[in-house]
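Here the structure comes first, spelled out in structure tokens, and everything after it is commentary.
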Amino acid sequence: MAYGIRRLSYTFAFLGSIIFVLWAVPRAIKPTQPDENETERDKKWINSSPNFLDRQACRWLGLCGIQHIRWDAPALSHGMGEAVMDELRKLALAWEGEEEFENTWDQEEGWMEADLKRRGGEMKAKVVEKGAVPDFVLDNAPLVHLYSGENFWPSDIAEHVKHMKVESSWDGENGKKDLALDNLGQLNGENGTVFLTSVDDVESRPDWLHSQVGVPTPFDDDDDDDGNDNNDKNGNNGADWGSHDGQPRRADDGMTWWDADKQHPPHRIAAPKNLGRGLRRRASPAQRPMVGSFPEKGKPDASGYSKAPAVLVLVDKGAGILDAFWFFFYSYNLGQTVLNIRFGNHVGDWEHCMVRFQNGIPRAMFLSEHAGGKAYTWHAMEKRSQNHSKPARPVIYSAVGSHAMYANPGLHPYVLPFKMLKDITDKGPLWDPALNNYAYWYDYEVDHEESKAVPAGRNRTSLQPASSNPEAPTSWFHFDGYWGDDVYPLSDERQWRLFGEYHYITGPLGPKWKFLERKKVCQTEKCTIVDSIEAGKKSAWY
């Protein structure tokens, strides 16, 4: 009798432990408790399942749609799923001992300590004329290593919207409209939240979702570099732009450039130094690709040119501070796997990096990663040399599937312990977004005023095309809805949710909603700018 009671007690204790873990894990991953509206939406989402046991398991155990779980292959080719997994496993093993990038820049003491007292008239800012894209922006534009085994490549936003229909959270109507970049902002007048929803079943993997087929051709020298494309034997950058160490002049004049906007100009905290050469602007009315064969769809060719335009948004913060936002769009985000179960897929994917300039000198770069990102000093970034005595350009890395941006190739664990959830980057095809882009100037102060006076859906003047593409559409930029499907209901056979993490989540908002008016370099107010790639590996945005 006593033995039976003891066994029963052990059983209840074991089951209680499991229930506690199932209850605690979602709260550990997302410690912020949902508000009343979110709770109501979640109830509605759970109730969409026609299966009683599924609904109860979802409510009490956090196991939703487990009958739907299956392998979610990146592509429909025979055996592709296992081939990709084998490739990722080999890559993971190979990069455990990856070579570190060297950073030889010695940071001056006190440059991050800002005197917040405004001192007017201390700096003569170099004024950037609106219209043309300044030379220094294109000369210092990022080069992006896409993953060699990527399945979802850069997409043209104009092509993406052709495969979308309109859904509204208000009435659930499926609107079949002729969507284009020059009328997308008109959807702001619709009732409820608007979602650009795929006309095709994304699990049928239509061609436009991949944006191309085949394996891209990398630069000829990609296989031979050691991770630092342009450092000499002393670790110095190989570019020559008016400085003894090969780097563009630091112009470290002691100004608080890392925390500035039009209302809060940089403040001086040290004696100024020579700012170097003046600024020039490109007068050419059109963009010209590098010499090389054009690729299929969005795949970069060996010269770095891609038919899928990036989006360049220039934001003048005043007092010589200019932020150059480079946005990269993909029609599909393939989520990562945990225990071979995929989470986080969504239609439409906006990633970005930002270069902050002070008087034409690049000072720092921000790289977006999932819901956050990391900021690096300019001298910390890996660089690639250019010809014609131009400054070396930063090299960044796009993760397979998620397209999150990183400063180095290899494994990038996040959120979960034991590297259970990780992004992977490598030196795949090199994309030069400076060769093909929609380029604009954005004035956030004008936009704030127009948001009060201009009715929803009407044209605004706060975004102006650059002179390189004077006819570029602007309506799309002001679209305040989502660039992909809403989260699929639990009744959808494609959907599941474990520990609060969905197989399919909502598509992203567009570039305008990435805090372009930011004072700090980061997308969030909490911002630490690291001065080496090694320091970036040890920091986290979450």
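Throughout, residue positions are numbered sequentially from 1 according to the sequence presented.
- Taking both residues in full, the closest heavy atoms of Tyr330 and Ser398 are given as OH-OG, 3.6 Å, listed atom of the first, atom of the second, then distance.
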ask   = What do the steps show when you test Asp156 against Lys307 for salt bridge (Lys or Arg N to Asp or Glu O under 4.0 Å), and what is the final call?
value = CA-CA 8 Å; Asp156 186 343; Lys307 284 187 176 180; over 6 Å; no

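- In this structure, Gln523 and Lys514 have side chains that are in contact, with non-hydrogen atoms separated by less than 4.5 Å.
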query = Can you list the steps and then say if Tyr444 with Leu516 is a side-chain contact (heavy atoms from CB on, under 4.5 Å)?
reply = CA-CA 8 Å; Tyr444 56 90; Leu516 303 185; over 6 Å; no

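- To the nearest 0.5 Å, atoms CZ (Phe357) and CZ (Arg363) are separated by 11.5 Å.
- A donor-acceptor pair is defined here as one N or O able to donate and one able to accept, closer than 3.5 Å; such a pair exists between the side chain of Arg205 and the backbone of Pro74.
- Tyr332 is listed as a side-chain neighbour of Leu334, based on a closest heavy-atom distance under 4.5 Å.
- Judged by distance alone, with hydrogens and angles left aside, the side-chain atoms of Asn140 form no donor-acceptor pair with the main-chain N or O of Pro362 at under 3.5 Å.
- The shortest distance between side-chain heavy atoms of Glu150 and Val400 falls below 4.5 Å.
- A donor atom on one side chain and an acceptor atom on the other are not found under 3.5 Å apart for Ser475 and Asp182.
- Side-chain contact check for Met381 versus Ile396: some heavy-atom pair is nearer than 4.5 Å.
- The main-chain N or O of His448 is never found under 3.5 Å from a side-chain atom of Ser462 such that the two would form a donor-acceptor pair.
- A donor-acceptor distance shorter than 3.5 angstrom exists from the side chain of Arg518 to the backbone of Val521, with no hydrogens or angles considered.
- Here the CG atom belonging to Leu322 is positioned 10.5 Å from the CG atom belonging to Asn359, to the nearest 0.5 angstrom.
- Atom CG in Leu312 sits 10.0 Å away from atom CZ in Phe327 (nearest 0.5 Å).
- Closest approach of Cys527 to Lys520, counting heavy atoms only: CB-CD, 3.9 Å.
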Working for side-chain contact (heavy atoms from CB on, under 4.5 Å), residues Asp531 and His379 = CA-CA 7 Å; Asp531 62 357; His379 296 268; over 6 Å; no

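- Pro391 has its side chain out of reach of Phe136: every pair of non-hydrogen atoms, C-beta onward, lies at least 4.5 Å apart.
- For the 3.5 Å distance criterion, the side chains of Asp423 and Tyr406 qualify, holding a donor opposite an acceptor.
- For Phe328 and His352, the ring centers sit 6.0 Å or farther from each other.
- His478 and Lys512 share a side-chain donor-acceptor pair at under 3.5 Å.
- A distance of 7.0 Å separates CD1 in Ile424 from CD in Gln336, rounded to the nearest 0.5 Å.
- Note on ring orientation: taking the six-membered ring where Trp is involved, the planes of Phe479 and Trp483 are perpendicular (angle over 60°, cut-offs 30° and 60°).
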inquiry  = Using the rule given for side-chain contact (heavy atoms from CB on, under 4.5 Å), can you reason through Leu463 versus Trp441, listing the C-alpha separation, both sets of side-chain angles and the distance that settles it, and then say yes or no?
reply    = CA-CA 6 Å; Leu463 186 78; Trp441 286 89; over 6 Å; no

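- Heavy-atom minimum distance, Asp447 versus Arg460: OD1-NH1, 3.4 Å.
- Using a 30° and 60° split on the angle between ring planes, Trp350 and Trp476 fall in the parallel class, below 30°.
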Audit row: Lys262, Asp316, salt bridge (Lys or Arg N to Asp or Glu O under 4.0 Å) steps and yes/no = CA-CA 8 Å; Lys262 291 182 179 179; Asp316 185 358; 5.8 Å; no

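- Using a 4.5 Å cut-off on side-chain heavy atoms (C-beta onward), Pro465 and Glu471 make no contact.
- Side-chain atoms of Tyr397 and Lys427 include a donor-acceptor pair closer than 3.5 Å.
- Side chain of Ser155 to backbone of Ile157: no donor-acceptor contact under 3.5 angstrom is found.
- Distance alone, capped at 3.5 Å, places no donor-acceptor pair between the Asp349 side chain and the His346 backbone.
- The NE2 atom of His412 lies 10.5 Å from the CE atom of Met405; values are rounded to the nearest 0.5 Å.
- Between Asp323 and Tyr442, the side chains place no donor N or O within less than 3.5 Å of an acceptor N or O (distance only, hydrogens not considered).
- Remark: Ser211 OG to His160 NE2 distance equals 11.0 Å, nearest 0.5 Å.
- Using modelled atom types, no side-chain atom of Lys538 and backbone atom of Ala535 make a donor-acceptor pair closer than 3.5 Å.
- The backbone N or O of Gly401 lies less than 3.5 Å from a partner atom in the side chain of His403, making a donor-acceptor pair.
- Scanning all heavy atoms of the two residues, the minimum distance from Glu351 to Ser402 falls at OE2-O, 3.2 Å.
- Figure legend: cation-pi geometry between Arg342 and Tyr504 absent, as NZ or CZ is not positioned both under 6.0 Å from the six-membered ring centre and within 45° of its axis.
- Partner of Gln263 under the side chain to side chain donor-acceptor pair (under 3.5 Å) criterion, chosen from Glu517, Lys519, Glu445, Lys317: Glu445.
- Using cut-offs of 30° and 60° on the angle between ring planes, the pair His210 and Phe152 is parallel.
- When all heavy atoms of Met365 and Pro394 are compared, the closest pair comes out as CE-CG, 3.6 Å.
- Counting only heavy atoms from C-beta outward, the side chains of Glu382 and Tyr376 never approach each other to under 4.5 Å.
- Scanning all heavy atoms of the two residues, the minimum distance from Asn437 to Trp326 falls at ND2-CZ3, 3.9 Å.
- Proximity of a side-chain donor or acceptor of His145 to a complementary backbone N or O of Asp426 within less than 3.5 Å is not detected.
- No donor-acceptor contact under 3.5 angstrom links the side chains of Asn333 and Asn345, judged on distance only.
- Residues Met164 and Val347 meet the side-chain proximity criterion, which asks for heavy atoms closer than 4.5 Å.
- Under a 3.5 Å cut-off, the side chain of Asn469 and the backbone N or O of Ala472 do not form any donor-acceptor pair.
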inquiry  = What verdict does the side-chain contact (heavy atoms from CB on, under 4.5 Å) test give for Val311 and Phe477, after you've listed the backbone C-alpha separation in whole Å, the side-chain angles of each residue and the deciding distance to 0.1 Å?
reply    = CA-CA 10 Å; Val311 175; Phe477 178 80; over 6 Å; no

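- Tyr482 OH: 12 or fewer foreign heavy atoms inside a 6.0 Å radius.
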